[in-house]
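Following: one structure in structure tokens, then a few remarks.
Keep in mind that what you see is a predicted model, and the values were worked out from it rather than measured. For this chain, numbers begin at 1 and follow the sequence in order. We count ligands from 1, going down the list as the structure has it; atoms in each ligand are counted the same way.
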Amino acid sequence: MSTRPEILFPLFSDLTGLDGIGPKTAQNFENLAVFKPRDLLFTLPHAVIDRQPRSSIQDVTPPTTVTVEVTVGEHTPNKVKGRPYRVTVTDAQTSFQLVYFHVRGDYLNKLLPTGQRRIVSGKIELFDGIGQMVHPDHVLKVGEADTLPEFEPVYPLTAGVTLKTIFKASRDLLRNLVKLDEWIDPGLIAREKWPSWDSALRSAHSPQSLDDISIESRARTRLAYDELLAHQLTLALARAKQRRAKGRPSIATGALQGPVLAELPYKPTGAQSRAIAEIADDLAGDHRMNRLLQGDVGSGKTLVALMALLTVVEAGGQGVMMAPTEILARQHLEGLQPLAEAAGVVLEILTGRDKSAERAAKLDALAKGDIHILVGTHAVFQKDVHFHDLRLAVIDEQHRFGVAQRMELGAKGQTVDVLVMTATPIPRSLALAQYGDMDVSILDEKPPGRTPVQTALVSTERMDQVIDRLRSAIAEGRQAYWVCPLVEESEVSDMTAAEDRFKRLRAALGEGVVGLVHGQMPPREKDAAMARFVAGETKVLVATTVIEVGVNVPNASIMVIERAEFFGLAQLHQLRGRVGRGSTASTCLLLYQSPLSETGRRRLDILRETEDGFRISEEDLAMRGAGDVIGTAQSGLPRFRIADLERQTHLLALAQTDARKLLHDDPKLETDRGKAARTLLWLMEQDKAIRLISVG
Ligand code: ADP
Ligand code: MG
């Protein structure tokens, strides 16, 4: 089945095929991200209005929506322009007024003829002690009562799309809804008492109470699960395809790891040893590795990567490690080269900055296999870079490396094992959503001997005191980072520019003491400034967030972050992770512009309370939402219409297990349930995944 199943055609046809939708309205629907009937089907009401008829408004507490049968009384047209037109009506017990503004012609006389019975529905309010209903939502003849649902679903709206339009179109859709074979595990359905797909949709679109709107209602839970299952199936298919791809078994001999471990001034932590072993297992196996190494800043991911790289070199192959920035790539080179030399391993760097002759020589050496390990920026994956026998690609600190890119790397056709490392601890729910196609190793233990970082909040009004403290810290031989949000004053007028801060600190602390790095600097200058700071020549490094990831200067024990309230928690945590790497007690000062909002303070307080990156990311998620935590656009994180990643983590975990099991039992998706799962993938527009299904 490589084309969309016919049974789904109506859901993927034009919106204009639905009741009450013409070309104009169809266009307006696009603002709601509704392009086809399927999209409308998965756009659920977020509220419900109780329109059950009552006999009187007598006992209601205004303001509230009421539906009541009335006898129409006297009309009082507006005598003065701008004043309302009033119609007195009487229900079983009391009278009240219908109020209209901007009335034209005799429209109201036709709608509400005096002496007749009508059903009116709308919001009752008190005005000068009298009940009134301004512009009723509905006025119906008594015989038309059944056209008004007792519970009216409320949908998200946009200009040119009214509730009535959506209601009518969605009823049309529901009337013609097909039944689909069940793709959810029968045991799960029975245990959770979930309704079938079509009846779940029917009830989600026709809520009878607030409980039915709740994300926990059975209908909605099932529909959310469908989305998550489709997504996890895609990831599981990608994973299965990766694993099917024959890898080259690379078996560690210890010949190179041994000397390197002997050279290290420390022992690997338990978590590092565990991760190293998990990776060695993958490398030795004949399927392709696709593994994520998650570890907080400073948890020692680099050593794990190095051990993995040495394994493939021991087996006669080559490895590559890609860092997101030039600075980090160079730092890896500097940190790893001495270790590599100790084992006679040739390690080189390749970045966009290599001059052509230099570059050609390196490419040549790579192709011959004379370079064993290559570190660099994304330049290492350029088209003309050929390896002699590449077996392992390590991707460092890349939380922006989404599923799509990983699939691309796989599509290059190399049987390369892949290890992605992330320093942004992400909550389990997001890890599942973003990296569900991968196996995961976690470094949940920090190397010993770290002293906790003291974190304090300081108003920018006290900048002078901060600078005084800095002066005495420098006198004691300490070094500090000073992070500014943006480089150009003009970008956002009240943000502190790094260049201005640099000048001010230089004036206060002395020439030659203060360095500056920012993203707009020419690369060589940036390197030189970094090098001076690493060597301890400069004591204070004024920087933009280019230092965010990975930079390691153990003697730096002070981190000042200006306008901390502008940063995300995860980012602040990353920045703070730059200090506390040596044995001296470290300090992190979060400078904020007062007044700080209450949520602003609560956020920053979390950083004072904990240095646990996982806890911080959970809090960040709770306060901001999934898209923001990872940066939705590049995250590779899917947008779900119904599922809520923050509140339905358990469902996601369930979906992952279920998806992997389904594929394990039925790799070609050819059983009845497997076929139903294919339909689900089409329905959820995961068509790409279909191509990943095992063939032959
Ligand atoms: P990250 O996980 O942030 O990439 P790094 O690999 O840069 O962390 O390690 C941070 C620091 O910890 C480095 O200076 C490294 O030499 C040191 N380190 C790594 N593993 C250990 C260990 N087992 N014991 C002591 N120090 C370690
Ligand atoms: Mg690192």
Side-chain angles (χ1 to χ4, degrees), residues 257 260-279 291-310 319 321-325 327-342 347 373 375 377 394-399 401 419-426 440-453 479 481 530 533-536 545-557 559 570-584 586 588 611-614 616-617:
Q257 293 188 349
V260 168
L261 287 172
E263 186 77 11
L264 284 178
Y266 51 75
K267 277 208 177 67
T269 62
Q272 283 171 320
S273 301
R274 240 183 343 265
I276 291 169
E278 283 164 358
I279 293 165
R291 185 170 282 278
L292 174 72
L293 178 63
Q294 254 208 83
D296 212 343
V297 277
S299 58
K301 292 184 290 295
T302 319
L303 178 66
V304 176
L306 178 62
M307 288 299 133
L309 291 163
L310 290 176
M321 173 139 98
M322 181 178 85
T325 65
I327 290 180
L328 278 168
R330 300 215 168 266
Q331 199 166 309
H332 280 319
L333 178 77
E334 280 150 29
L336 298 180
Q337 206 155 38
L339 293 171
E341 266 165 24
L347 191 141
I373 299 176
V375 300
T377 55
V394 179
I395 308 196
D396 187 23
E397 314 275 9
Q398 274 287 45
H399 42 278
F401 204 72
L419 177 68
V420 176
M421 307 202 290
T422 172
T424 312
I426 51 178
V440 180
S441 295
I442 295 181
L443 295 184
D444 50 6
E445 177 189 350
K446 290 213 180 162
R450 299 285 164 89
T451 37
V453 180
Q479 284 179 282
Y481 295 100
M530 279 310 296
F533 186 64
V534 172
T545 48
V546 289
I547 60 152
E548 181 185 341
V549 275
V551 175
N552 192 21
V553 182
N555 191 48
S557 60
M559 169 65 66
Q571 204 177 10
L572 290 171
H573 175 65
Q574 284 278 323
L575 287 168
R576 180 171 60 179
R578 301 300 109 216
V579 297
R581 301 190 149 223
S583 47
T584 23
S586 296
C588 175
E611 276 191 72
D612 176 346
F614 283 97
I616 291 169
S617 75

Those atoms of ligand 1 less than 4.0 Å from some heavy atom in [X]:
X      : value
Pro268 : 23 (N)
Thr302 : 4 (O), 5 (P), 6 (O), 7 (O)
Thr269 : 23 (N)
Lys267 : 22 (C), 23 (N), 24 (N)
Pro447 : 20 (N), 21 (C), 22 (C), 24 (N), 25 (C), 26 (N), 27 (C)

Point to revise | Within-4.5 Å side-chain heavy-atom neighbours: Met307 and Ile279 | key: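 With C-beta onward as the side chain, the pair stays apart.
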Review point. For the residue pair Asp444 and Arg274, what are the closest heavy atoms and their distance?
Key: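 So the two residues come closest at OD1-NH2, 3.5 Å.
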**Study point:** Heavy-atom pair of closest approach, residues Val440 and Glu278
**Key:**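 So the minimum-distance heavy-atom pair works out to O-OE1, 4.4 Å.
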Check your understanding: What do you reckon, does Gly298 have a nitrogen or oxygen under 3.5 Å from a nitrogen or oxygen of ligand 1?
Key ->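 So ligand 1 has an N or O lying under 3.5 Å from an N or O of Gly298.
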Review point. Has ligand 1 got any nitrogen or oxygen that is less than 3.5 angstrom from a nitrogen or oxygen of Pro448?
Key: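 No, since none of the N or O atoms of Pro448 sits under 3.5 Å from an N or O of ligand 1.
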Point to revise | side chain to side chain contact (heavy atoms under 4.5 Å, CB included) partners of Thr584, counting only residues at least two apart | key: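 Residues passing side chain to side chain contact (heavy atoms under 4.5 Å, CB included) with Thr584: Ser557.
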Practice item. Please identify each residue that fulfils side-chain hydrogen bond (donor to acceptor under 3.5 Å, both in side chains) with Thr269, with sequence neighbours left out. Key: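 Expected list: Gln272.
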Check your understanding: Backbone, side chain, both or neither: what part of Asp296 comes under 4.0 angstrom of ligand 1, heavy atoms only?
Key ->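 The part of Asp296 near ligand 1 is the backbone, not the side chain.
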Check your understanding: For the atom pair CG (Leu339) and CG (Leu303), what is the distance rounded to the nearest 0.5 Å?
Key ->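 The CG atom of Leu303 is 8.0 Å from CG of Leu339, to the nearest 0.5 Å.
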